Protein chains: 2
Amino acid sequence: MTVSRVLNGQGGASPETSERIRQIADEMRYRPNALARGLKSDKSRIVGVLVPDIANPFFPEIIRGIESVAMQNGYNLLLCNVVESAEREIDLMQILESQRVDGIVWCSARLPEQSLIKALQGYKAAVLVNRSVAPSIAGSIMIDYRSGAADAARHLWSLGRRRIGVLAGPIASQGAAERLEGIRMAFGGLGTEAVAIVHCKPDVGGGAVASRQILADHPHIDGLICYNDLNAVGALQTCEALNIGVPQDLSIIGFDGISLAELVRPQLSTLHVDKYSIGQLSMRMLLDRIDGKFIQHSIVIRPELILRGSTSKA
Amino acid sequence: MTVSRVLNGQGGASPETSERIRQIADEMRYRPNALARGLKSDKSRIVGVLVPDIANPFFPEIIRGIESVAMQNGYNLLLCNVVESAEREIDLMQILESQRVDGIVWCSARLPEQSLIKALQGYKAAVLVNRSVAPSIAGSIMIDYRSGAADAARHLWSLGRRRIGVLAGPIASQGAAERLEGIRMAFGGLGTEAVAIVHCKPDVGGGAVASRQILADHPHIDGLICYNDLNAVGALQTCEALNIGVPQDLSIIGFDGISLAELVRPQLSTLHVDKYSIGQLSMRMLLDRIDGKFIQHSIVIRPELILRGSTSKA
DNA sequence: GTGAAAGCGCTAACAA
DNA sequence: TTGTTAGCGCTTTCAC
């Protein structure tokens with residue numbers, strides 16, 4: 001007991017005893033057993049982090065943001081790749097519940113509403129990124145894809161682009177639906193609409209395939225709004241292969257603002273979001289919820305339009 | 001006790017009882033407490049994964065490989081970003097020991113030999129990626145950077161490049177030293193040597209800065225071997241800014257074979273390694289060690305030279 | 001200033 | 001086939 005008190009710095013022991021205890025602990029390489037501590041306290045100091053795919057550069061930055069705040073507060077991350085599968089999402093829930101994580105940050109959950117709510121019920125605290133549910137179930141960090149997509153649409157319009165195609169991303173993604181709404185909204189105001197919409201996997205390959213398809217069916221399109229930058233890069237590849245000039249023949253705009261967008265040629269215009277901040281915000285919100293504080297239920301991040309070569313005038 | 005037996009599928013209970021138990025467990029959303037189980041069994045079914053920087057695309061793929069094998073075997077990953085800091089490496093060791101992880105996979109450890117060995121002693125099982133120590137301390141998955149770098153050097157030579165610069169990566173990286181050895185070896189056999197060697201951070205920015213420096217000091221170099229593909233992309237940026245033609249004026253070759261290498265223009269020649277496999281291999285090796293089997297201590301992966309635009313003839 | 005008792009949830013060993 | 005006991009390492013409570 002005295003040992004416990006000393007090592008936890010709670011004082012209440014004589015200086016000599018304290019010193020002797022610390023000495024011995026050091027000699028025998030004593031490490032407090034987090035499992036025992038967790039069992040007793042019903043707190044594991046571990047938070048689960050779920051991402052669809054860690055190989056998508058959108059997520060590592062979020063994870064870093066989460067980790068930075070977690071670390072400062074003595075939490076560790078149990079990382080789970082969902083690998084874009086609903087089954088796995090459910091399995092993971094069980095695993096994390098068993099591990100008695102203190103909370104979870106779940107990025108881009110694709111589960112249908114009802115299953116999602118059920119899955120979340122096992123947790124003391126949860127924060128969703130890119131998805132929202134009732135505040136009593138989980139906090140949420142949302143990116144305002146609606147306004148972002150509207151910005152993209154109006155930008156292309158302002159360049160004189162009138163025949164717009166859309167790479168719309170995964171059907172099950174809530175963000176994908178919001179982007180489409182934003183585009184409809186913006187174009188509705190302008191008395192027009194998108195020429196073609198194709199859903200696709202949220203990676204470079206998916207973008208390449210979908211853009212090929214869209215260009216085959218609608219060779220005359222002059223603007224392309226993409227679900228994310230990876231899709232946009234895939235579209236760039238297609239254009240290169242088909243000898244379509246970007247931005248002369250086709251303006252392309254992406255989403256997310258990953259660093260890749262600046263590395264390709266032409267550089268990609270995009271709707272940039274600060275992913276590291278999102279990670280930090282989500283973890284802070286989770287910490288509040290773990291502590292029983294429900295200060296903010298929902299934060300909305302507005303993407304920023306960044307103009308680069310892929311939508312330049314020339 | 002009967003409950004425990006039934007839920008663990010060990011039989012020895014009547015069908016009715018079993019059914020009833022399962023039913024009730026389900027109703028009350030029972031989840032076995034992994035903390036208690038771990039405390040009792042002295043096994044947490046968690047492995048620690050340390051990477052220098054999850055934002056470097058080299059690592060997410062490794063993590064996916066690790067995770068795939070871990071998942072199949074009922075293990076979870078506690079992910080730790082070292083963020084290129086030695087202090088943090090040591091802190092993390094303590095944390096992971098406290099968490100009673102069953103083992104760790106440590107990628108690109110930068111700690112000096114002695115500290116590394118000391119740090120590893122707290123673990124039942126450990127596997128290093130890109131670093132090696134005595135097999136009794138940890139298993140290792142090594143990439144044969146020496147032969148890879150030699151291949152790169154000989155390739156540039158075969159293109160007629162005679163004035164070679166090197167972006168050498170972080171000084172503390174063992175892999176960096178090996179690359180330099182390989183280059184010296186190859187050039188030694190050809191009766192020449194590298195013109196200039198500059199160390200740098202292992203990211204795009206580091207490559208851009210270092211290549212600028214090297215080109216300022218040695219404007220006449222005609223070949224550049226880079227620590228990794230990110231560095232090489234940084235060098236491409238510099239060349240673009242300085243109006244240096246790649247590959248006409250300068251041949252550039254990278255390392256790792258990340259997907260970015262195919263997305264930039266010109267496409268990067270590189271020494272490709274299968275990162276997903278490395279992850280799988282390292283986790284399998286770790287599982288063996290956790291089980292007390294020491295079948296393989298060390299696996300060496302040979303990088304494969306992939307030729308693309310950045311070192312093409314024209 | 002120090003320590004003894006008890007219990008967190010689980011399971012190995014041993015009854016009944 | 002089922003149940004009891006005990007202990008994993010920690011901390012809360014209470015006694016000395």
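Being a predicted model, the structure only gives us computed values, none of them experimental.
Note: CG (B:L35) to P (D:dC8) measures 17 Å, nearest angstrom. Between the CD atom of A:Q99 and the C1' atom of C:dC10 there is a distance of 14 Å, rounded to whole Å. Rounded to whole angstrom, the span from the CZ atom of A:R20 across to the P atom of C:dG1 amounts to 16 Å. For the pair A:D42 CG and D:dT11 C1', the computed distance is 13 Å after rounding to whole Å. Between A:R45 atom CZ and D:dC10 atom P the separation is 17 Å, expressed in whole Å. A:K43 places its NZ atom 15 Å from the C1' atom of D:dT12, with the value rounded to the nearest Å. In this structure, CG of A:L39 is placed 7 Å from P of C:dG9, rounded to the nearest angstrom. Distance CZ (A:R100) to P (C:dC10): 7 Å, rounded to an integer number of Å.
Under the 4.0 Å criterion applied to side-chain N and carboxylate O atoms, B:E67 and A:R88 are assigned as salt-bridge partners. Using a cutoff of 4.0 Å between basic side-chain nitrogens and carboxylate oxygens, A:D102 and A:R45 are not scored as salt-bridged.
Side-chain nitrogen and oxygen atoms of B:S4 include at least one within less than 4.0 Å of the OP1 or OP2 phosphate oxygen of C:dT11. Contact annotation: A:R37 does not reach the phosphate of D:dG9 (side-chain N/O to OP1 or OP2, under 4.0 Å). Listed pair A:T2 / C:dG3 meets the phosphate criterion, a side-chain N or O lying under 4.0 Å from OP1 or OP2. Phosphate contact (OP1/OP2 of C:dT2, side-chain N/O of A:S14, threshold under 4.0 Å): present. Distances shown here put a side-chain N or O of B:N8 below 4.0 Å from the OP1 or OP2 atom of C:dT11.
Looking at A:D144, its side chain never comes within 3.5 Å of a backbone N or O of A:I301 through a donor-acceptor pair. One N or O on the side chain of A:S44 and one on the backbone of A:I46 form a donor-acceptor pair closer than 3.5 Å.
Along DNA chain C, the nucleotide closest to A:M1 and the one closest to B:Y30 are compared, and the more 5′ of them pairs with A:M1. When the nearest nucleotides of DNA chain D are assigned to A:R31 and B:K40 by heavy-atom distance, the more 5′-ward of the two goes with B:K40.
Other residues, nucleotides and ligands contribute over 12 non-hydrogen atoms within 6.0 Å of the CD atom of A:E27.
One can find a donor-acceptor pair under 3.5 Å joining the base of D:dG3 and the side-chain atoms of B:R5.
Note that the CG atom of A:L230 and the CG atom of A:D256 stand 7.5 Å from one another [nearest 0.5 Å].
Side-chain polar atoms of A:R5 and A:Q10 form no donor-acceptor pair below 3.5 angstrom.
Using a 4.0 Å heavy-atom cutoff across all strands shown, B:T17 reaches sugar-phosphate atoms only and no base atom.
When the local axes at the two ends of the helix from C:dG1-D:dC16 to C:dA16-D:dT1 are compared, using 5 base pairs at each end, they differ in direction by 50° after rounding to 10°.
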